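Notes to accompany the following structure.
Both ligands and their constituent atoms are indexed starting at 1 by order of listing. The model shown is predicted, which means the values in this text are computed figures rather than measured ones.
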Amino acid sequence: MAHVAVFLYTVYICSIIERVSPVTQWKKRFVMILAAVDLILVLTNPLTKGIFYFDTSGQYCNGPLKFVVNGMIMLALLISLSAVIHHHDAFSVMQRNIVYFFMLTNIVAIVIQTVFPRLLITQFSMMLAVLLIYMTLQNAEDFVDSQTQLWNRTAFIDTLNDKITRKSPFEVIVVKLHEFRNINDMVGVRAGTKLLCQAADALKAIEQDCEIYRVSGIKFALIVPCEKRKAVLEEVRECFATPFEIGEVELKLQIITCVVGYPQNVLSQHEMENAIQYCIANAEKNGDFDTVYADPGTLKKMRRTLDLDKLLKRAIREKQFDVYYQPIRNAVTGEYHSAEALIRLYDDTYGFISPDEFIPRAEENGMILAIGELVFVEVCRMIHDNDIRQYGIEYIEINLSAAQCVQKNLWDMFETVMQKYQIPSEMINLELTETATVQSSEQLAEFMRQMNSKGIQFSLDDFGSGFATVHYLFSYPFHIVKLDKEIVWAAAKQQKASVTLRHTIEMIKDLKLHIIAEGVETQEQADMLAEMGCDQFQGYLYAKPMPEQQFVQFLAEAGCVG
Ligand code: C2E
Ligand code: CA
Ligand code: CA
């Protein structure tokens, strides 16, 4: 009977692999058929004596079908081996080692026994290997979360796969504890863990028919029959409606919830996980405490985001980005002494993708650091190759995202690149928006001082587009303030906005900061801004952002040879 275990074991390997990617039906069926044939041969052996029999002297002898059975076992082992090598990520190191050990002992045993039929070594090696698997592969802790005693993520994925394979409809309600880190900070990690267990207990007490999983530290998933979704959601809300007690403290937990259904929203386990992640992240970003549903609109945006991630990854790898330059004009002399570097991305399938779409995404997924570096290198190369100082350009404005300000070794990267292209740091001006300045103010001020000491200056971008912005002007060492397009456009249309702009410009000038007005599209706007005392203009009236060669030609034609 021991060799039936080989087939069961192959099926088990398939089930482990299915946690990460589906195994094709024919492979599973093929192994099942081998197992069934083997079982039939074993069960009928007393009658057929096909696999083995005992001769008149009581000696064990191989039957005529022994070779067939060994061949089938060998085949199953080889299928398992190739599957494990192909999907090695699905197994832990321990599991992999056991699997290889199992393969090796059995293959060797089969070969030995084929050569020496009287040595009953295969039975022994299989039993040994099965024992090892029993002790190591199938471990209860693999499926249960030790803190809350709920099913864990592995169990969740197994169940999803199982239901999806059986085409049985269901919905997943995900509950994420919002900003739990703050709670840990407030009451300490131990009390935080207790609170988490209380939350898990509250969910366990839900009376409706559902399976509950802890899918990550602070995220729970409930698999529910579609018709029970409403009732379960109500119970979930009730669980968190009243505060939890931790010692002397009472704490109310805020939750983010989302619902994703199979097959109405997603068709695979992978899509299900993506949809959950996307809906929860979006709800958190928007501070949305109502239940979020993975409706077609949301899923469309999710697919676009996933496509964008892939596209950005490729664009970084293949340096697919372009950098355009928009000249900035001196309001009095009409000369161009600087320009802003603006990134561009073109894809054959998606066409032109606006930086307003991909930069925020790159900031979320961390790719902004690589993109920022590509832009910086490209700008330095452009300055070097065209020697734009000859046209009177004194510096280039480069947009810097918040994450780059706290990037380790940013200065080292800048220095290496500037040295390579022999660019003095005075030729680089970094633009920061207010959102960058909101984050970790002391760290940012320190970063700016460090850059200033090396010769790099800063512009405050999009000034006037946010709220309470004035204190940034005196809290951080900015050199230039860029007036946001909206405030410029509004001032040209409305009396009150015009008064605000006039006073804003006066204030900035009194602080001895330079001003660039963005989005100057009409002569009327330019005249108004000049009259208010604005230093420099950037806008379509003078020049749109343009590629390198066109930019150089523009400078040459503008006749600003310094
Ligand atoms: P921003 O820094 O405010 O850049 C100015 C934007 O205004 C640019 O949009 C520019 O093309 C546009 N613009 C300039 N003059 C006019 C005008 O007269 N009228 C109108 N309607 N628009 C004008 P763009 O190039 O689409 O960039 C959008 C945003 O993407 C930028 O806004 C910036 O926040 C971000 N961005 C662009 N390049 C980079 C980069 O290399 N790094 C980072 N971190 N962000 C970048
Ligand atoms: Ca900018
Ligand atoms: Ca701007």
Is it true that [X] and [Y] make a salt bridge, defined as a side-chain N closer than 4.0 Å to a carboxylate O?
X      : Y      : answer
Glu271 : Arg303 : yes
Arg314 : Asp347 : yes
Arg304 : Glu357 : yes

(request) For Gln523, check side chain to side chain donor-acceptor pair (under 3.5 Å) against everything at least two apart and list the hits. (result) Asp527
(message) Taking Ala341's backbone N and O only, do any of them form a donor-acceptor pair with Gln326's side chain (distance below 3.5 Å, no angle check)?
(response) no
(message) Just to be careful: counting only protein atoms that are N, O or S, how many fall under 3.0 Å of the Ca ion (ligand 3)?
(response) 4
(message) By the definition side chain to side chain contact (heavy atoms under 4.5 Å, CB included), identify the one residue from Leu483, Asp461, Ile487 that meets it with Glu518.
(response) Asp461
(request) Assign the ring pair Phe358 / Phe321 to parallel, tilted or perpendicular, where the plane angle (0 to 90°) is split at 30° and 60°. (result) tilted
(message) I need the contact residues for ligand 1: any residue with a non-hydrogen atom closer than 4.0 Å to the ligand, ordered by chain then number.
(response) Gln326, Glu340, Leu342, Ile343, Arg344, Pro355, Asp356, Ile359, Val375, Asn399, Ser401, Asp461, Asp462, Lys485, Trp489, Glu518, Gly519, Val520, Glu521, Gly539, Tyr540, Pro545
(request) Apply ring-ring contact (aromatic ring centres under 6.0 Å, His included) to Phe244 and list each qualifying residue two or more places apart in sequence or on a separate chain. (result) Phe240
(request) Would you name the N/O/S atom of Glu340 that lies closest to the Ca ion (ligand 2)? (result) OE2
(message) Within 45 degrees of the ring normal and closer than 6.0 Å to the centroid, is that where the cationic atom of Arg344 sits relative to Tyr324?
(response) yes
(request) Examine Phe352 together with Tyr346 and report whether their ring centres are nearer than 6.0 Å. (result) no
